[in-house]
Amino acid sequence: MKSILVTGGCGFIGSHTCLSLLEKGYYLFVVDSCVNSSDQVLRKLKNLSIINFKLKYLKGDLRDISFLRRVFEEAKKCNKPISSVIHFAGLKSISESIRYPLEYWDNNVIGSINLFKIMEEFSCRTIVFSSSACIYGLTNQTFINEECEVKPTNPYGQTKVTIEKILKDLFVNSLSEWKILCLRYFNPVGAHHSGEIGEDPIGVPNNLFPYISQVAIKRRKELDVFGSDWKTIDGTGVRDYIHIMDLAEAHLAALEYLFDKKKNFLVLNIGTGIGTSVLELVKIFEKTNNCKIPYKLKMRRTGDVGSVIADNKKALAILNWSPKRNLEDICKDGWNWQKNNPYGFQK
Ligand code: NAD
Ligand code: UFG
């Protein structure tokens, strides 16, 4: 079975994807600096995939190119040369990127360039890259497709566009044949149904779903709903929430799609195509989990937009994949994780 390098494999999306890959029998090399995660998650992955736990963790930072070289060398030495990469590692907070742009350019772009250099050095040219829906500019279209204008409004989004451009350059200009898939995620939420792994934000959650969960577990008093005057069904912001395991499975499909190709560069939206408002999500969470989420309507959050929903037709047509879980599954599984682990991986 092929060996896959998963950068950022200890993080939210990376850890769930590792589980899907392990279940399929892949041998994994996980590289993570744990700047925004805990390697405790690997213990949970081991428990969840008893038979198939073929994973080697190497703690380190992508900005350290000699560390990356050692990872590829080690894989070669133990006769498991890395055939492809799923590249999750990166900083991801929009607001933090506005405050610390240099940190974001350094971490996300320099880290990625190092990775691509070492991949080239070891003739490993198959990669699935984590991009984001936040790279799209403002549009009047209800559903955002891959042809919509790319015009990010913050440094985080700029780093994602830049990395996509570097990958495109490699595809167009490199003498060797690169196989590249950039997945533009919409809003990944929820947790693995076991309640063993899930999202574990450090500090106060920036995002809606973990905030709701922390209100439910009474770590936070109430939810601030940012904006109730958007042109949406109830005035609150609408997003396309995708179950984390559906997203994990999209990575598996993306990787296996690339295996069959010769040369490839593709960007795909990964979402459900269904929009849900903040208050709709609150209601579904309350009903599914029989709890109360107190909330207050507040001013709009700076930089927010009213509605972001994926046109996911291209991904459905190209990958042998479609999202299978609904909002009730998201709320049930997310709550299962939160109530089993009120303080995430720490306790
Ligand atoms: P996360 O923070 O949970 O995971 C990212 C992981 O990368 C963390 O474990 C972190 O420690 C690691 N990391 C960061 N910089 C590193 C470096 N230089 N070297 C080694 N490890 C490093 O985030 P996530 O939600 O799992 O997101 C994964 C990827 O998907 C990110 O690139 C993010 O930008 C992208 N993305 C996330 C969302 C979302 O809403 N979660 C949406 C769109 C795109
Ligand atoms: N919201 C609240 N209260 C909160 C947090 C969020 O009302 O405490 C609202 C927001 O205003 C928005 C909706 O909930 O209307 C969703 O907000 P999130 O912060 O959960 O998600 P965003 O769509 O703003 O951004 C997320 C990630 C980005 C990623 C983007 C992709 O944070 O990194 O999805 O679409 F790029």
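For the residue pair Ser131/Glu164, the side-chain donor-acceptor check at 3.5 Å is satisfied. Defined by atom type and a distance below 3.5 Å, a donor-acceptor pair is missing between the side-chain atoms of Asn107 and Tyr100. Using modelled atom types and a 3.5 Å distance limit, the side chains of Ser112 and His87 yield a donor-acceptor pair. For the 3.5 Å distance criterion, the side chains of Trp178 and Glu120 qualify, holding a donor opposite an acceptor. For the residue pair Ser66 / Asp64, a side-chain donor-acceptor distance below 3.5 Å is found, with atom types taken as modelled. There is no side-chain donor-acceptor pair under 3.5 Å between Asn336 and His193. Residues Arg63 and Asn114 have side chains that never bring a donor and an acceptor to within less than 3.5 angstrom of each other.
One finds a salt bridge joining Arg300 and Asp229 here, because a Lys/Arg side-chain nitrogen approaches an Asp/Glu carboxylate oxygen to under 4.0 Å. Between Glu146 and Lys314 there is no salt bridge, since no side-chain N of the basic residue sits under 4.0 Å from a carboxylate O of the acidic one. In this structure, Glu74 pairs ionically with Lys56, as a charged nitrogen and a carboxylate oxygen lie closer than 4.0 Å.
Aromatic ring centroids of Tyr343 and Phe345 lie 6.0 Å or more apart.
Applying the 6.0 Å contact sphere to NZ of Lys263 captures more than 12 heavy atoms from other residues, nucleotides or ligands. Within 6.0 Å of the NZ atom in Lys151, the count of heavy atoms belonging to other residues, nucleotides or ligands does not exceed 12. Other residues, nucleotides and ligands contribute at most 12 non-hydrogen atoms within 6.0 Å of the CG atom of Asn79. More than 12 heavy atoms of other shown residues, nucleotides or ligands fall within 6.0 angstrom of atom NZ in Lys324.
Atom CG of Asn290 and atom NZ of Lys292 lie 10.0 Å apart (nearest 0.5 Å).
Glu249 pairs with exactly one of Lys24, Arg325, His243 by the side chain to side chain donor-acceptor pair (under 3.5 Å) rule, that one being Arg325.
Side-chain contact between Pro323 and Leu316: present, with at least one pair of heavy atoms (C-beta onward) separated by less than 4.5 Å. Considering only heavy atoms from C-beta on, Cys331 comes within 4.5 Å of Asn289 through its side chain.
The same ILVMFWY cluster, assembled from side-chain heavy atoms under 4.5 Å apart, contains both Leu319 and Ile13.
Remark: Lys54 fails to qualify as a cation-pi partner of Tyr27 under the 6.0 Å distance and 45° angle criteria applied to the six-membered ring. Annotation: cation-pi pair Lys92/Tyr156 absent, no NZ/CZ under 6.0 Å from the ring centroid and within 45° of its normal.
Clustering of Ile, Leu, Val, Met, Phe, Trp and Tyr by side-chain heavy atoms under 4.5 Å joins Leu223 with Val189, Val204, Leu208, Phe209, Tyr211, Ile212, Val215, Ile217, Val225, Tyr241, Val278, Leu279, Leu281, Val282, Ile284, Phe285, Ile293, Tyr295, Leu297, Leu327, Ile330, Trp335. Chaining together hydrophobic side chains whose heavy atoms lie under 4.5 Å apart leaves Ile202 on its own.
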Report task. Before giving the answer on ring pair (Phe, Tyr, Trp, His ring centres under 6.0 Å), spell out for His251 and Tyr257 the whole-Å C-alpha distance, their side-chain angles and the decisive distance to 0.1 Å. Result -> CA-CA 10 Å; His251 287 84; Tyr257 167 85; over 10 Å; no
